[in-house]
**Student:** 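Supplied in structure tokens, the structure appears directly below.
Computed from a predicted model, the values in this text were never measured in an experiment. Here is the naming used below: chain letters follow the sequence lines, and residue numbers restart at 1 for every chain.
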Number of protein chains: 2
Amino acid sequence: MVVGSLSGADTDRVFHALADATRRDILIRVIRSGQSVSELARLYPMSFAAVQKHVAVLERAALVSKTRRGREQIVNGEVGALRRVSLLLDAYEEIWRQRVEQISAILDEE
Amino acid sequence: MVVGSLSGADTDRVFHALADATRRDILIRVIRSGQSVSELARLYPMSFAAVQKHVAVLERAALVSKTRRGREQIVNGEVGALRRVSLLLDAYEEIWRQRVEQISAILDEE
DNA sequence: CGAACCTACAACCATGTGGTTGTACGTTAG
DNA sequence: CTAACGTACAACCACATGGTTGTAGGTTCG
């Protein structure tokens with residue numbers, strides 16, 4: 001069963017994108033305020049190309065988008081995908097809540 | 001900066017564990033109701049050992065726990081880790097909200 | 001124009017991941 | 001006790017991932 005509006009593969013991409021500290025850091029920064037790829041690249045102890053790849057992973061997961069500004073490519077946070085996975089996790093918690101409720105009901109019957 | 005009570009490596013493990021459709025399915029099932037590893041293994045088109053590995057990934061992420069019941073090992077959902085990553089995502093959305101707010105304030109000044 | 005800058009992308013390498021099979025061991029049922 | 005079941009784990013394989021360097025193209029500045 002698919003929960004919410006995310007296909008399985010989309011969900012895979014979003015969680016995979018979030019499963020790396022550098023990518024989470026990039027995401028927080030660009031959510032706070034859009035930044036160019038080279039601005040981001042200066043922040044981390046790795047090559048420009050490596051940061052470029054991290055941005056590409058976030059982009060494939062629809063967690064960020066890029067827009068040209070002159071010769072720079074500005075990376076911006078996309079809060080929609082974030083909200084969808086957040087709702088997915090809430091759904092998991094809801095299932096848990098139902099389980100606890102059901103167990104309580106059974107205990108009450110006894 | 002660390003958000004919430006998760007270290008970076010813990011967060012990596014949780015998101016990585018969630019970045020696979022089989023593992024998410026296992027998680028939903030054991031949250032709904034605890035199941036043995038072999039019960040779970042029967043559900044998926046892969047070997048017992050493969051399912052065992054998926055459970056191990058979920059366990060390392062503290063998303064499930066195992067308890068012996070006779071010769072079976074019962075896998076149960078641990079909703080705590082789930083709640084922590086959910087709060088982390090909420091924090092990201094909050095940063096976004098602040099950004100939007102700040103932009104609105106600047107527009108109001110003009 | 002020419003130089004510097006920002007980006008894109010290919011090729012390559014080490015390591016991790018997801019799957020397999022096989023073996024071994026504890027536990028329960030008959 | 002013996003057989004069957006449930007689990008654990010090692011060894012192995014194909015492929016993805018995260019990093020590197022190098023090359024090339026578009027854009028801005030002097």
Side-chain angles (χ1 to χ4, degrees), chain A residues 7-30 33-78, chain B residues 7-30 33-78:
Chain A
S7 87
D10 284 344
T11 311
D12 287 2
R13 278 186 217 107
V14 175
F15 281 124
H16 172 249
L18 291 170
D20 179 282
T22 300
R23 285 195 290 265
R24 287 194 301 276
D25 197 76
I26 290 175
L27 181 57
I28 289 184
R29 289 179 187 273
V30 302
S33 148
Q35 300 190 36
S36 75
V37 182
S38 48
E39 277 173 331
L40 290 170
R42 286 185 211 109
L43 299 170
Y44 307 98
M46 63 185 75
S47 68
F48 175 86
V51 173
Q52 209 175 13
K53 281 192 183 180
H54 282 304
V55 171
V57 171
L58 289 167
E59 200 177 7
R60 259 181 275 128
L63 285 167
V64 306
S65 62
K66 288 192 292 191
T67 56
R68 274 221 162 275
R69 191 179 63 189
R71 61 185 167 184
E72 290 178 319
Q73 199 76 273
I74 305 298
V75 183
N76 265 284
E78 286 291 331
Chain B
S7 87
D10 284 344
T11 310
D12 287 2
R13 280 188 215 103
V14 175
F15 281 124
H16 172 249
L18 292 170
D20 180 281
T22 302
R23 284 195 292 265
R24 286 195 301 276
D25 197 76
I26 290 175
L27 182 57
I28 288 183
R29 289 179 187 275
V30 301
S33 148
Q35 299 191 38
S36 74
V37 182
S38 47
E39 279 173 331
L40 290 169
R42 285 186 213 108
L43 299 170
Y44 307 99
M46 65 185 75
S47 67
F48 175 86
V51 173
Q52 211 176 13
K53 281 191 183 181
H54 282 305
V55 172
V57 170
L58 289 166
E59 202 179 6
R60 260 181 274 128
L63 286 166
V64 307
S65 62
K66 289 193 293 191
T67 55
R68 274 221 162 273
R69 190 180 64 189
R71 61 184 167 185
E72 291 177 319
Q73 198 78 271
I74 305 299
V75 183
N76 265 284
E78 286 291 331

**Student:** Show your reasoning for whether side-chain contact (heavy atoms from CB on, under 4.5 Å) applies to B:R29 and B:E39.
**Tutor:** CA-CA 11 Å; B:R29 289 179 187 275; B:E39 279 173 331; over 6 Å; no

**Student:** Shortest non-hydrogen contact from B:A17 to B:L58?
**Tutor:**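 Minimum heavy-atom separation between B:A17 and B:L58: CB-CD2, 4.1 Å.
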
**Student:** Between B:R24 (CZ) and C:dG18 (P), how many Å, whole number?
**Tutor:**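 The answer, rounded to whole Å, is 12 Å.
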
**Student:** Please state how far atom CZ in A:F48 lies from atom C1' in D:dT21, giving the value in whole angstrom units.
**Tutor:**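 Result: 14 Å.
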
**Student:** Where do B:V75 and B:V37 come nearest, in terms of heavy atoms and distance?
**Tutor:**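 So the minimum-distance heavy-atom pair works out to CG2-CG2, 3.9 Å.
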
**Student:** Let's see if you get this right: which residues in residues 35-46 of chain A place a heavy atom under 4.0 Å from DNA chain C?
**Tutor:**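 A:S36, A:V37, A:S38, A:R42, in order of number.
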
**Student:** Mind listing the closest non-hydrogen atom pair of B:V30 and B:Q35 along with its distance?
**Tutor:**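 Shortest heavy-atom separation between B:V30 and B:Q35 comes out as CG1-N, 4.4 Å.
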
**Student:** Distance check: side-chain N/O of B:S47 vs OP1/OP2 of C:dG19, anything under 4.0 Å?
**Tutor:**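 No, because none of the side-chain N or O atoms of B:S47 sits under 4.0 Å from OP1 or OP2 of C:dG19.
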
**Student:** Nearest whole angstrom, please: distance from the P of C:dT17 to the CZ of B:R23.
**Tutor:**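 Nearest whole value for this atom pair: 9 Å.
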
**Student:** Determine all donor-acceptor pairs shorter than 3.5 Å in which one atom belongs to a side chain in residues 59-66 of chain A; sequence neighbours excluded.
**Tutor:**
residue : atom : partner : partner atom : Å
A:S65   : OG   : A:E78   : OE2          : 2.9

**Student:** Of all the heavy-atom pairs spanning B:N76 and B:I74, show the shortest one and how long it is.
**Tutor:**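 Scanning both residues completely, I find the closest heavy atoms to be ND2-CG2, 3.6 Å.
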
**Student:** Phosphate oxygens OP1/OP2 of D:dG18: is one of them under 4.0 Å from a side-chain N or O of A:H16?
**Tutor:**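 A:H16 to D:dG18 OP1/OP2: side-chain N or O found under 4.0 Å.
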
**Student:** To the nearest Å, how far apart are B:K53 NZ and D:dA11 C1'?
**Tutor:**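 Taking NZ of B:K53 and C1' of D:dA11, I get 10 Å after rounding.
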
**Student:** Can you check the B:H54 NE2 to C:dT17 P distance for me, whole Å?
**Tutor:**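 Taking NE2 of B:H54 and P of C:dT17, I get 13 Å after rounding.
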
**Student:** By a strict heavy-atom criterion of less than 4.0 Å, which residues belonging to residues 61-72 of chain B are in contact with DNA chain D?
**Tutor:**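 When residues 61-72 of chain B is checked for heavy atoms under 4.0 Å from DNA chain D, the hits, listed by number, are B:K66, B:R71, B:E72.
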
**Student:** Tell me if a side-chain donor or acceptor on B:R24 pairs with a main-chain N or O of B:L18 at a distance below 3.5 Å.
**Tutor:**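 Yes, because the side chain of B:R24 sits within donor-acceptor range (under 3.5 Å) of the backbone of B:L18.
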
**Student:** Roughly, in whole Å, what's the span from CD in B:Q73 to C1' in C:dT27?
**Tutor:**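 Interatomic distance, CD of B:Q73 to C1' of C:dT27: 12 Å.
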
**Student:** To check you understand the geometry: which heavy-atom pair defines the closest contact between A:F48 and A:A41, and what is its length?
**Tutor:**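 Taking every non-hydrogen atom into account, CD1-CB, 3.7 Å.
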
**Student:** Could you please name the option among D:dC9, C:dA8, C:dG18 that lies closest to any side-chain atom of B:Q52?
**Tutor:**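 In terms of side-chain proximity for B:Q52, the closest of D:dC9, C:dA8, C:dG18 is D:dC9.
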
**Student:** Check whether B:R69 reaches the backbone of B:S36 with its side chain - one donor and one acceptor, N or O, closer than 3.5 Å.
**Tutor:**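 Such a contact is absent between B:R69 side chain and B:S36 backbone.
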
